[in-house]
Amino acid sequence: MMLFFYAVALPLVVCTVVYGLVWLPSPSTGLLVRLDVGLAWGAALATLILVPTDVATTLLGGSPPQLATWWRATYWYGFFVMVLVLPIHMEHTRRGEFSALDRALGAVRYHLVYYCALVGVAAAGILLLLLAGRLEARNILGFCIASSNAYGLIGAIFLMGYGLVAIPRQLWRCADLADQLQRCCHELGALAERCAAANLRLSTTVLTARRASVLFGAHDPLRPCVDTVLALAESTGPGFRPNPAAVAALDDSPELDIFDLADLAALRRRLKTDLKDHEREAALFRAAAERGLRLEASLAARADAASHGPSFATEPGLRGWLQDAAVHFWAYRILAVLAGAASLVVILAETTIPASLPNLSAVSWALGAAGGARFPTAATCMLALAYPCACANYSLYRLGQVAFYRMVPGHTDSYSLCYSALLVSRFASPLAFNFMAAVALPQGRAAGPDVTDTVFYAEFGRLMMQQPLIGWRFTAFAPAALAPYCLVLALGLFKPLARLLQRGGSLQFEDDWEDGSGVAARGRRLLRVEGQNRQNGLPLGLTIDPAINGSGAASRPGPPAPAERAPWWRRLAGGREHDDHGFPSPPPPNLGAVSSGEAARSGAGKDARARLWALVAGRASPAPEAQSLLRGGAGAGSSSSLDLEGSPQVGQAMPRTPAQRDIFSHLEVPGGKGAWKSKYGRSPSG
C-alpha cells in the first residue's frame with residue numbers, strides 16, 4: 001500500500017505544488033516566500049494522499065508504522081506554520097520599514113496583541129470548564145485540537161458548499177459562448193472601474209511621495225530612506241500617468257504630515273500595496289480582454305460556418321465550428337452533469353453522518369464493493385476526496401471582494417500567497433477527518449471497519465471526540481447544515497440574505513454579477529476598442545488609461561505591454577533581480593536634458609525658482625516663495641508653468657539625485673494652480 005503512496009501520490013502532490021509556485025506568484029516574489037508557501041501547500045495537500053492510504057490500509061487490515069509518522073508530521077507542521085510562521089511572514093512582506101529586522105519586529109508587534117487576546121480568552125474558557133467539572137486536565141490538549149477542528153469544519157462547510165454549487169453551474173454556463181461573452185463584457189466593465197480606483201490610489205501615493213521628497217535636504221539623515229521611496233515610486237514606468245483627480249485633490253490638500261521615519265515607512269507600505277493592486281487589476285483587465293476577443297472570434301467563426309455551410313468553410317474555420325458548436329457544447333454540458341452528480345453525492349453523505357440515519361454515501365458503497373483490492377480502493381478514495389478539496393479551494397480562489405487577498409496568475413504578491421497558504425493549511429485537516437467520517441468510513445454502519453479504526457483517529461480523533469459540545473456530536477450534526485446552505489446558493493438567495501444580515505457591503509464572490517448598471521455595455525465598448533487595437537498591432541490594455549480619463553478610444557499611449565515572462569525555472573527562483581523587500585531593483589537613472597518651459601514674466605518669479613533649485617540641491621532652506629511653489633503657487637508675478645531658465649541652461653544634464661530628477665523631470669505647475677502633473681513621453685536630449 002505504501003508503494004502507491006511513494007510512487008504515485010507523493011510525486012503528484014510535489015508536481016502540483018511546483019506548478020502552483022510557477023503559475024501564481026509575481027516575478028518579484030522572493031525565494032523565501034516561495035519556499036514557505038510551497039512547504040505549507042505540500043503539507044496541506046498531503047491529506048490527498050494520506051487519507052486514501054489510511055482508508056485503504058484500514059479496509060485491508062493493518063496499518064504501516066510510517067503512516068502515523070506522516071500524519072503527525074503534516075498535522076503539526078501545518079498547525080505550526082498556520083499559527084506562527086505564515087501570519088508573521090505575510091505581515092513582514094507588506095510592511096514599509098527600511099530594514100529586515102525592523103519589519104520582522106513590526107510584524108511580531110502587530111500580531112502580539114491578537115495572540116495575547118486569543119491566549120487570554122482560551123485560558124479563561126479552559127479554566128471555567130475545569131472549575132465546572134466539564135473538562136479534565138488530561139484532556140486539555142484534546143480540547144484544543146477539537147476546538148481547532150470545529151472552527152475549521154465551519155469554514156470548510158462554507159467554502160465547500162459554495163464550490164459544490166458553483167462548479168457545476170460554471171461548467172454549464174461555459175457551454176453557452178454567447179452567455180460567456182456577455183459575462184465577460186460585464187467583467188471587463190467592472191475591471192475598468194477597479195482599474196480606475198487602483199490608478200487613483202496609486203497616483204495619490206506617487207504624487208505624495210514626490211511632494212514629500214522636497215521636505216528632506218541632501219544632507220538630511222533620512223535622505224537615503226526618501227530615495228528608497230522615490231525609487232519605488234519611479235518603478236511605475238514611463239507609461240504611467242497620474243490621475244487628474246489625484247492631482248486636483250493634492251492641489252487642495254493641506255501641508256504634508258511626513259516628518260519622521262515612521263511616516264516614511266507608512267508611505268512606503270502604502271506605495272507597495274498600491275503598486276501591487278494596480279499591477280493585478282491591469283493584468284486581470286488584459287486577461288478578460290483576451291478572453292472576450294477569443295469568444296468573439298469563436299462566435300464569428302460559428303456564424304460564418306452556419307451561414308455558408310461546412311463545405312464552404314476553410315479548414316481552421318471548420319475546426320473552430322466543430323469545436324465551438326458541437327464538441328465544446330456537449331463536453332461542458334456532460335462535465336456539468338457529472339459535477340452536479342458528484343456534488344449531490346457529497347451532500348447526501350454529509351447530511352447522513354449520524355448512525356441513526358441510513359448510509360447514503362455512494363463512496364462508502366464503492367469502497368465496500370472494491371473487495372479489498374489495494375490500488376482500486378486507494379484510487380477511488382483519492383478521486384472522491386479530490387472533488388470536495390477542489391470545491392473548497394475553488395471558493396478560496398474566487399472569493400474576490402472580501403479584500404483578504406488577490407490570487408491572479410503571474411501577479412500574486414507575497415502577502416496573498418502567504419494568506420492562501422494559511423487558509424489551505426487551516427482547512428486541510430478538518431476536511432480530511434470530515435471526509436473519513438462522512439463519506440468514506442461512516443461510524444457504526446456495517447460490520448466492517450469504520451473511521452474509528454483509522455490511524456488519524458488513533459492519533460487525533462480519539463482526543464477530539466471525547467470533548468463536550470465540540471466532540472462527536474458536533475462533528476456528526478454540523479455538516480447537516482450543508483444541504484440548506486447549498487439550496488440557498490442554488491436558488492440565488494445567498495446575496496439577499498447576506499444583505500439583510502450585514503449592514504455594509506455584502507459578501508460576494510467573483511462569480512456573482514448583476515447587469516443592471518450599464519457595466520456590461522461599457523465593457524462591450526471597451527472590448528470593441530481593444531479589438532481595433534489588436535487589429536492595428538497594438539497590445540491589450542491601452543483602454544485602461546482612456547477609461548479612467550473618460551474618453552472612449554486609446555488616443556494616447558497607455559501603460560507599456562507586459563514583458564515576456566521568464567522561464568519557469570527562473571520564475572521559481574524569483575524571475576528577475578529584486579531587492580530584499582520583494583520589489584524589482586530600480587532602473588539606472590536616466591540623465592537627460594532639462595526642457596525649458598515658458599519664460600518667467602517677472603524677476604520675482606525667476607528668483608523664486610532659483611530658490612527652489614537651491615532647496616532641492618540641498619544648498620538652502622525653504623524660502624516662503626519656494627514653499628508657495630511646493631504648495632501650488634507659481635511664485636510672485638508668475639502664472640505660467642514651472643520654468644528652469646533661471647538655474648541650469650537648456651541642454652544641461654540633469655542632476656543625479658532622485659529628488660532632483662523627480663522635481664525637474666516629472667513635474668510642472670500648470671496654469672498657476674500648482675497641480676503636479678507627469679511629464680513623461682519626451683525622449684531626453686543633450
(request) Take Cys418 and Val33 through the side chain to side chain contact (heavy atoms under 4.5 Å, CB included) test and state the conclusion after the steps. (result) CA-CA 8 Å; Cys418 292; Val33 174; 4.2 Å; yes
(message) For Leu431 and Thr47: C-alpha separation, side-chain torsions, deciding distance, then whether side chain to side chain contact (heavy atoms under 4.5 Å, CB included) applies.
(response) CA-CA 9 Å; Leu431 272 176; Thr47 57; over 6 Å; no
(request) Please lay out, stage by stage, how Arg269 and Glu91 fare under the test salt bridge (charged side-chain N to carboxylate O under 4.0 Å, His left out). (result) CA-CA 11 Å; Arg269 172 174 177 162; Glu91 179 64 22; 3.1 Å; yes
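Of the candidates Glu281, Arg280, Glu279, His411 forms a side-chain hydrogen bond (donor to acceptor under 3.5 Å, both in side chains) with just one, namely Glu279.
Distance CG/Leu383 to CG/Leu48: 10.5 Å, rounded to 0.5 Å. Distance check, rounded to the nearest 0.5 Å: CD of Glu290 to CG of Leu295 gives 10.5 Å. Rounded to the nearest 0.5 angstrom, Leu526 CG and Leu191 CG are separated by 10.0 Å.
In this structure, the side chains of Asp277 and Leu202 stay at 4.5 Å or more apart for every pair of heavy atoms. Inter-residue side-chain proximity for Thr204 and Thr208 is flagged as met; some heavy-atom pair is nearer than 4.5 Å. In this structure, the side chains of Leu417 and Trp41 come closer than 4.5 Å at one or more pairs of heavy atoms. Under the 4.5 Å side-chain criterion, counting only non-hydrogen atoms from C-beta, Phe158 is not in contact with Tyr162. Side-chain contact check for Leu267 versus Leu271: every heavy-atom pair is 4.5 Å or farther apart. For the pair Tyr397 and Leu24, the minimum side-chain heavy-atom distance is below 4.5 Å.
Using a 3.5 Å distance cut-off with no hydrogens or angles, the side chains of Ser26 and Thr29 do pair a donor with an acceptor. No side-chain N or O of Lys272 forms a donor-acceptor pair with one of Ser414 less than 3.5 Å apart.
In this structure Tyr387 satisfies the side chain to side chain donor-acceptor pair (under 3.5 Å) test together with Ser343, sequence neighbours excluded. For Glu296, the side chain to side chain contact (heavy atoms under 4.5 Å, CB included) test picks out Leu181, Leu293, Leu527, with sequence neighbours left out. Contacts of Ala480 classified as side chain to side chain contact (heavy atoms under 4.5 Å, CB included), with partners at least two apart in sequence or in another chain: none.
The backbone N or O of Asp413 lies less than 3.5 Å from no partner atom in the side chain of Ser416, so there is not a single donor-acceptor pair. Judged purely by atom type and a 3.5 angstrom limit, Asn536 has no side-chain atom pairing as donor or acceptor with the backbone of Leu538. Under the 3.5 Å distance criterion, the side-chain polar atoms of Arg194 are left unmatched by any main-chain donor or acceptor of Phe285. A donor-acceptor pair under 3.5 Å is formed between the side chain of Asn393 and the backbone N or O of Cys389. No donor-acceptor distance shorter than 3.5 angstrom exists from the side chain of Gln180 to the backbone of Ala175, with no hydrogens or angles considered. At distances below 3.5 Å, at least one donor-acceptor pair connects side-chain atoms of Arg34 with backbone N or O atoms of Leu21.
Classification of the Trp23-Tyr19 ring pair by plane angle, with boundaries at 30° and 60°, yields parallel.
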